[in-house]
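Side-chain atoms are counted along with the backbone in the values below, which use heavy atoms only and exclude waters and symmetry mates. Owing to the predicted nature of the structure, the values given are computational and were not obtained by experimental measurement.
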Amino acid sequence: MNRLSLSDRILEERSRNHLTQEELARRLGVSKAAVSKWECGQSLPDIALLPKMASLFSITLDDLFGYEPVASEEKREEIVGQLQGLLAKEPVQAAEYAEQQVARYWSDSELLRAVGLVLCAKAIEPSAPDEAERSESASCLADLAERVLRRALQLDPDGPSTDFTLQALCMLLAAEGKEGQADELIEKMVPAKPNTAAIILAGIAIRTGNPKGAGIALKRQLLFSLLEVASCAQALAGVEGINVEELDDILALAVGIQEPSGFEALSPTLVPIVRIALATRFAESGDGDRALDELERFVKDLECCCEMFENPQNPPFFKSVDEFLWQNGDEKADEARGEAAASLRSSFASSIASNESWAAFRGNPRFNAIMRRLGEEEASV
C-alpha cells in the first residue's frame, strides 16, 4: 500500500466508496466543511471519529493511517540486505536505518527477528582495543538489537524460531555483561522433569482409534528429544573440565545416536565436534598416537558431515514428520548448505592450525599429512 497522508487517505477511501463529502459528513455527524478541510490538509478529524471512519470505509485503522504492520518477503530481504551493507561500512548510519525500519514494521515478528539477528552478530563481533569509536557504535547496536529481539519474542513467543531468537538474545546479554538477565530469560525454560505430554497424547489417539496420529506424536517427540540430546552432547564436549573418559562416553553416545540409517542427518556436526575435542585432550595430555588417531578419524567424520550438509538424506524412520527435517529442491537453501560446509571446513582447519595444543605436532609428518588432507578438502569445495 502506498504511504499517503491521512488527508489523502480520507479522499482516496471516500472516492473508492463512492461517497460525496456531504454523505461522509452526514454519516460521521460533522459538517461538509469539516470533511473538506480534512481532505485539504487544513485540519484533522477528531480522534474519536477515526474508528467510525475506518468502519465506514471497511478498512482497519492501520489501513487508514497507511501503516504497514507486515512486510513482504521481498521487502524483508531488501531491508536485511541493505542493513548488512551499511553495517560493513557505516555502523552509525546502519543503526539509524534499522531504527526507521523497525519503527515502521514494529508488528512484524519475522522482520524484527531478521534485523535483530543481523544487529546482534555485528554487536558481539570482536573489536580491537584501540577502536573506541567502533566499540561505542557496537554498544549502540547491542542496545537496539536487544530491544528488537525482545519485541520479536513478545510478538511470537511460541513460534518455530523462538529458541534461536532467545539464544541470540541471551548471547547478546551475556556479551554485554548482563548475565543475570540472560539467566532469568532462559532458566524458566529448562525442564525440571521429563515431558510426557506426547505419550499422553499418543494414548488418547490410540483410545480413539487413531494409531497413525499416535505414531506421529511419538515420532515428533522422539525427533525433538534426539535433537536435544545431540545439542547437549555437542555443548558438553566444549565444557572446560570434561576429561578424556567423559569425552569417550560422549563420543560413544554421539556415534550411537547416528548409527541408524540417515540419523546422522539429525545433527551432522555432532560427531566431528566431539571427536576433535577428544583428539585435542589427548594432544594436551601428551598421548600423541591417540591424538593423531582421533584427528585422522575427525577428518573422516568431517568429510561425512560436509557431505551430509551438501546432500542431506533424511532418516526414513521420520518420514511422517519430515516437515521438521531437511527440505530439498530450494536453490537458495542448497547454496546455503554448500556455503555452510565450506565455512565449517575452513573454521576447523584454522582452529587446529592456531591451537597451541597442537604446537608440538607441527613438525610431525603424520600431523602434516592430516592437515594437508584437511586443506585439500577445504580447497575442493
Side-chain angles (χ1 to χ4, degrees), residues 62 67-192 227-228 231-232 234-235 238-240 336 340 343 347:
D62 285 344
Y67 174 60
E68 301 174 77
V70 178
S72 65
E73 185 175 348
E74 293 77 12
K75 186 64 177 176
R76 287 176 192 153
E77 291 179 358
E78 176 192 325
I79 291 171
V80 170
Q82 189 164 344
L83 177 59
Q84 289 173 326
L86 287 171
L87 283 170
K89 298 177 181 178
E90 300 287 344
V92 175
Q93 190 177 341
E96 293 174 356
Y97 175 74
E99 284 274 15
Q100 293 169 0
Q101 298 306 319
V102 299
R104 181 175 179 182
Y105 296 107
W106 194 237
S107 297
D108 187 342
S109 61
E110 286 300 317
L111 177 68
L112 294 181
R113 179 177 293 110
V115 168
L117 292 174
V118 171
L119 292 171
C120 177
K122 186 65 177 179
I124 63 178
E125 183 181 85
S127 59
D130 58 344
E131 294 181 358
E133 184 178 343
R134 183 179 175 191
S135 296
E136 186 177 342
S137 65
S139 178
C140 174
L141 291 174
D143 290 343
L144 178 56
E146 179 184 343
R147 181 157 54 89
V148 172
L149 290 174
R150 284 186 183 276
R151 172 64 174 172
L153 288 170
Q154 179 187 31
L155 289 171
D156 192 15
D158 301 309
S161 302
T162 298
D163 288 350
F164 188 65
T165 307
L166 184 61
Q167 180 182 6
L169 177 57
C170 288
M171 289 174 62
L172 177 66
L173 290 170
E176 291 292 297
K178 302 175 182 177
E179 291 88 351
Q181 292 184 36
D183 287 346
E184 196 175 318
L185 274 173
I186 202 73
E187 193 172 1
K188 59 188 176 184
M189 297 184 66
V190 179
L227 291 174
E228 288 179 0
S231 297
C232 288
Q234 189 167 304
V239 173
E240 188 175 349
S343 176
S347 175

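- When all heavy atoms of Leu172 and Ala142 are compared, the pair lying nearest together is CD2-O, 3.6 Å.
- Using a cutoff of 4.0 Å between basic side-chain nitrogens and carboxylate oxygens, Arg151 and Glu146 are not scored as salt-bridged.
- Within 6.0 Å of CD on Glu77 lie more than 12 heavy atoms contributed by other residues, nucleotides or ligands.
- Rounded to the nearest 0.5 angstrom, Leu153 CG and Ser161 OG are separated by 10.5 Å.
- Side chains of Leu117 and Phe164 form a contact here, defined as non-hydrogen atoms less than 4.5 Å apart.
- In this structure, the separation between CD on Gln93 and CG on Leu87 is 10.5 Å, given to the nearest 0.5 Å.
- Gln167 has its side chain out of reach of Ile186: every pair of non-hydrogen atoms, C-beta onward, lies at least 4.5 Å apart.
- At a threshold of 4.5 Å between non-hydrogen side-chain atoms, the residues Leu173 and Arg150 count as touching.
- Interatomic distance, CG of Leu166 versus SG of Cys170, reported as 4.5 Å (0.5 Å rounding).
- The one candidate from Val115, Leu111, Asp108, Leu119 that meets the side chain to side chain contact (heavy atoms under 4.5 Å, CB included) condition with Val102 is Val115.
- Taking 4.5 Å as the limit, some side-chain heavy atom of Tyr97 sits within range of a side-chain heavy atom of Leu83.
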Item checked: Test salt bridge (Lys or Arg N to Asp or Glu O under 4.0 Å) applied to Arg147 and Glu99, step by step -> CA-CA 10 Å; Arg147 181 157 54 89; Glu99 284 274 15; 2.8 Å; yes
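- Side-chain contact between Arg104 and Gln100 is absent, with no heavy atoms from C-beta onward closer than 4.5 Å.
- Residues Leu112 and Trp106 are in side-chain contact: their nearest non-hydrogen atoms beyond the backbone lie under 4.5 Å apart.
- Rounding to the nearest 0.5 Å places CG of Leu169 at 9.5 Å from NZ of Lys178.
- The CG atom of Asp143 sits 6.5 Å away from the CD atom of Glu176 when rounded to the nearest 0.5 Å.
- Nearest heavy-atom pair, Ala168 versus Cys120, reported as atom, atom and distance to 0.1 Å: O-SG, 3.6 Å.
- Separating the CG atom in Asp156 from the OG atom in Ser109 is a distance of 4.5 Å, to the nearest 0.5 Å.
- A salt bridge links Glu110 and Arg113; the closest N-O separation between the charged side-chain nitrogens and carboxylate oxygens is under 4.0 Å.
- Here the closest heavy-atom approach between residue Leu141 and residue Pro91 is recorded as CD2-O, 4.1 Å.
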